[in-house]
Number of protein chains: 2
Amino acid sequence: MELTDRQKQILRAIVDIYVSTAEPVGSKAIAALPDVNFSSATIRNEMADLTQMGLLEQPHTSAGRVPSPAGYRLYIDELMQDYRLSLDETKSLNEALELKSQEFDQMMSQVGKLVSKMTDLPAYAMATRQSGAVAKHFDLIMAGPGSIILVLMLSGDVVKNKLIKLPVSVTEADLKLLAAVLNASLTDLPAQQITGEVLEKISRSAGAASPLVPLVMDFTLECLRQQHGDVHLTGQMRLLGQPEYRDAAEKAQEVFETLDEEMISKLPAVLPKDGPVQFLVGPENVARELKDTSVVMMRFDIGEGMQGTIGVVGPTRMDYAKITAKLGYFAENLGRMFQKGGTPSAMPPALTEGMKNEE
Amino acid sequence: MELTDRQKQILRAIVDIYVSTAEPVGSKAIAALPDVNFSSATIRNEMADLTQMGLLEQPHTSAGRVPSPAGYRLYIDELMQDYRLSLDETKSLNEALELKSQEFDQMMSQVGKLVSKMTDLPAYAMATRQSGAVAKHFDLIMAGPGSIILVLMLSGDVVKNKLIKLPVSVTEADLKLLAAVLNASLTDLPAQQITGEVLEKISRSAGAASPLVPLVMDFTLECLRQQHGDVHLTGQMRLLGQPEYRDAAEKAQEVFETLDEEMISKLPAVLPKDGPVQFLVGPENVARELKDTSVVMMRFDIGEGMQGTIGVVGPTRMDYAKITAKLGYFAENLGRMFQKGGTPSAMPPALTEGMKNEE
DNA sequence: TATTAGCACTCAGAAAAGGCGAGTGCTAAG
DNA sequence: CTTAGCACTCGCCTTTTCTGAGTGCTAATA
């Protein structure tokens with residue numbers, strides 16, 4: 001059933017007002033809006049219809065209306081107006097975008113904190129691999145007597161290392177040999193194809209360095225199997241700044257007991273459709289504890305084979321338009337930073353103003 | 001002024017009861033204790049004295065007594081009884097102690113989560129360097145056309161790496177030369193001694209690889225200057241499980257606005273005295289926002305030059321004895337795990353029961 | 001002198017009662 | 001189809017009352 005333009009206008013107004021006041025919206029409040037030319041009585045009638053359709057809800061008989069999850073969904077998909085970041089906002093986003101660390105994990109963690117701070121809501125950042133990881137390059141470095149550093153480069157320009165301490169003494173030549181063997185037999189091999197057979201062959205060819213092999217393989221397999229980097233979830237406490245949680249600490253606690261890092265890492269799989277921006281509204285969510293919680297997430301490109309996701313967690317009543325705009329701004333600039341690789345702090349993000357998303 | 005034995009007994013009882021009930025303790029509750037042989041009236045008199053001395057407080061005239069910060073401090077320093085972990089507790093601690101990851105930062109983050117989970121309070125884990133870091137070994141690996149991996153080993157067995165992408169093409173030999181130069185000129189040099197002069201000398205000796213030098217040095221200096229690893233603070237929400245914060249979300253939020261990762265990293269400097277266990281009680285704390293908050297922290301050994309700290313954040317009214325016991329158990333076993341280096345998950349922590357601390 | 005029983009008094013917090021007013025749905029007129 | 005008018009509902013805020021745990025003091029007791 002299609003909505004009339006007027007109904008759309010009213011629904012949009014209700015969401016907009018409710019989002020900023022957190023109070024049920026009455027017919028008079030809407031009638032008072034500048035571009036509304038019909039009386040509160042008319043609006044009451046329309047609101048009754050919208051309630052009938054399941055787009056609005058009434059906390060109790062004598063209260064105003066509140067958008068239902070379906071109402072939010074409609075709003076997001078069709079009604080939401082682009083939010084244009086103000087110059088002030090762009091400015092502080094830009095200032096925030098200075099990442100200090102150069103290490104990948106730390107950068108992602110900083111990104112999470114940043115998003116949380118700039119949206120004043122709990123947020124997360126994570127990196128996911130688009131396809132299965134494969135090893136690209138092995139190296140073994142002698143770091144001292146009995147100390148060997150294993151350096152492993154994966155697809156997607158991820159470099160991992162591990163310090164291995166071994167009572168057995170090996171020579172540089174042994175290490176060189178083992179590294180060569182590893183490079184020859186494991187490069188570009190997905191984890192599933194690394195079977196016992198392969199391992200045995202490596203062990204045999206490794207010569208004096210063979211005691212190293214199990215340690216090396218352990219680490220390598222661990223790295224390969226890790227489909228996504230850690231989820232960096234932060235700012236949980238900011239949820240308490242939201243009026244709906246102000247006196248419901250218990251509920252807030254529940255939210256994050258359910259929505260932990262592990263759950264977040266699985267969210268992309270649950271999503272209805274694909275696209276750069278994703279909204280998870282209330283009951284669409286997976287768990288009952290999250291029925292009043294929404295998540296807005298956005299992807300950005302990190303580099304070959306890797307993809308970043310930033311997301312914001314908030315009450316269903318959240319300013320989807322503004323959050324989307326901010327996330328979009330982040331995504332755009334982070335994407336640029338990461339892709340250039342090297343030194344992100346050296347590259348000031350362009351002062352793009354405003355953000356697009358579907359109307 | 002010295003306390004009589006009876007006063008000590010009463011103070012201890014009040015703390016113990018208050019810690020578990022979170023309700024002001026009345027004279028009758030103490031009189032009902034099995035090993036108390038004096039009447040509630042006597043206790044009332046003693047309580048009046050203790051209040052006079054500033055060890056107890058009275059929320060209001062007709063309420064029981066609550067320990068004052070000074071009371072807690074006395075309790076911790078002199079009255080606290082060793083808490084003996086139950087077999088069940090030791091068991092679940094042991095189960096939890098299986099660290100999955102092999103990467104240092106991730107391990108520390110897991111440790112934080114673990115401590116938080118097992119104490120049901122916000123917790124953190126961090127690693128601090130006992131002395132200034134120096135570089136121990138440099139290596140440069142050719143990872144592909146224009147891709148170079150810098151591997152840097154620091155004192156304390158910390159290995160860092162960075163992928164450098166460079167439009168300039170360099171040969172393996174160039175890299176080898178640069179690595180040799182770096183090793184020769186920077187090894188064991190503290191950050192302060194790495195001056196422009198030194199850099200210039202390196203640049204000059206680097207030959208074809210000299211465009212790499214600034215990038216390498218940037219990263220190296222960053223690593224050297226980082227006195228402590230990240231603070232991994234987690235489980236903030238668990239503070240809400242404490243009755244004093246149940247309906248005071250705002251206060252809980254304030255706590256962590258103040259006590260953020262940065263502040264935590266500075267805590268050790270604020271501490272009155274040294275020792276493996278440290279207590280920060282209420283107003284001893286640095287900021288006014290933390291006046292009802294305590295921190296218990298404990299050090300553990302990670303390996304040469306490095307030291308780990310785990311800590312728990314909670315209301316002043318927290319079970320110092322139990323928390324201390326649990327932290328101690330963690331510290332002991334983590335220390336053992338980290339020192340053995342290699343594969344922590346391979347080493348089941350001994351089933352030490354009970355924990356010591358001063359009586 | 002140290003302890004205890006007894007008692008009047010205090011006061012926070014729970015429960016009950018009352019009042020306010022925003023907002024609704026309906027009806028009837030424009 | 002729209003709107004003015006009006007009776008009605010009901011959450012929430014404020015006020016009031018009530019209750020009982022706990023105190024401090026006094027006077028009796030060991």
Side-chain angles (χ1 to χ4, degrees), chain A residues 2-11 13-15 17-18 20-33 35-68 71 243-244 246-248 317, chain B residues 2-11 13-15 17-18 20-33 35-68 71 243-244 246-248 317:
Chain A
E2 254 309 312
L3 294 185
T4 65
D5 280 352
R6 195 167 66 191
Q7 287 174 324
K8 284 185 187 173
Q9 187 186 2
I10 290 173
L11 177 55
I14 290 178
V15 175
I17 296 177
Y18 182 57
S20 65
T21 63
E23 301 283 329
V25 182
S27 51
K28 274 189 200 147
I30 295 179
L33 253 38
D35 55 347
V36 165
N37 301 312
F38 24 93
S39 75
S40 66
T42 311
I43 294 168
R44 276 201 291 283
N45 288 329
E46 295 284 31
M47 291 204 303
D49 288 353
L50 289 168
T51 308
Q52 187 76 19
M53 293 183 224
L55 297 173
L56 293 181
E57 282 171 0
Q58 209 167 4
H60 52 264
T61 330
S62 69
R65 296 307 209 290
V66 159
S68 75
E244 30 272 271
R246 186 139 286 267
D247 295 309
R317 175 202 65 75
Chain B
E2 253 310 313
L3 294 185
T4 66
D5 279 353
R6 196 168 64 190
Q7 286 175 325
K8 283 185 187 172
Q9 188 186 1
I10 290 172
L11 177 54
I14 290 178
V15 175
I17 297 177
Y18 183 57
S20 66
T21 62
E23 299 285 330
V25 183
S27 51
K28 274 192 201 146
I30 294 179
L33 254 37
D35 54 347
V36 165
N37 301 313
F38 25 92
S39 75
S40 65
T42 310
I43 294 168
R44 276 201 292 283
N45 288 330
E46 296 284 30
M47 291 204 303
D49 288 353
L50 290 168
T51 308
Q52 188 75 20
M53 293 184 224
L55 297 172
L56 293 180
E57 281 171 358
Q58 210 168 2
H60 52 265
T61 329
S62 69
R65 297 305 209 291
V66 159
S68 75
E244 30 272 272
R246 189 138 286 267
D247 295 307
R317 176 201 64 75

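Just the heavy atoms: all of them, side chains too, but no hydrogens, waters or symmetry mates, feed the values below. Remember, it's a predicted structure, so these values are computed and weren't measured experimentally.
- By the side-chain hydrogen bond (donor to acceptor under 3.5 Å, both in side chains) test, A:Ser39 pairs with A:Thr42, sequence neighbours left out.
- Residues satisfying the salt bridge (charged side-chain N to carboxylate O under 4.0 Å, His left out) criterion with B:Arg44, sequence neighbours excluded, are absent altogether.
- Distance, B:Ile43 CD1 to D:dA21 P: 17 Å, rounded to whole Å.
- Looking only at side-chain heavy atoms (C-beta outward), A:Ile43 and A:Val36 come within less than 4.5 Å of each other.
- Not a single side-chain hydrogen bond (donor to acceptor under 3.5 Å, both in side chains) links A:Gln9 to another residue, sequence neighbours left out.
- Contact annotation: B:Thr42 does not reach the phosphate of C:dT3 (side-chain N/O to OP1 or OP2, under 4.0 Å).
- If you measure from atom CD1 of A:Ile30 to atom C1' of D:dT3, you get 16 Å, rounded to the nearest angstrom.
- Using a 4.5 Å cut-off on side-chain heavy atoms (C-beta onward), B:Glu2 and B:Lys8 make contact.
- Mapping B:Pro59 and B:Glu46 onto DNA chain C by nearest heavy atom places B:Glu46 closer to the 5' end of the strand.
- Distance check, rounded to the nearest 0.5 Å: CD of A:Glu46 to CD1 of A:Ile10 gives 4.5 Å.
- The side-chain hydrogen bond (donor to acceptor under 3.5 Å, both in side chains) test applied to B:Ser62 returns no partner, not counting sequence neighbours.
- When the C1' atom of C:dT4 is taken as reference, atom CZ of B:Arg6 falls 11 Å away, rounded to whole Å.
- Here B:Leu55 contributes atom CG and B:Met47 contributes atom CE; the two are 13.5 Å apart, rounded to the nearest 0.5 Å.
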Every protein N/O lying under 3.5 Å from an N/O of nucleotides 14-17 of chain C:
none

Between protein and nucleotides 19-25 of chain C, what N or O pairs are separated by less than 3.5 Å?
unit_1 : atom_1 : unit_2  : atom_2 : d
C:dG23 : O3'    : A:Ala63 : O      : 3.4
C:dT24 : OP2    : A:Ser27 : N      : 3.3
C:dT24 : OP2    : A:Ser27 : OG     : 2.8
C:dG25 : OP1    : A:Arg65 : NH2    : 3.1
C:dG25 : N7     : A:Arg44 : NE     : 3.1
C:dG25 : O6     : A:Arg44 : NH2    : 3.3

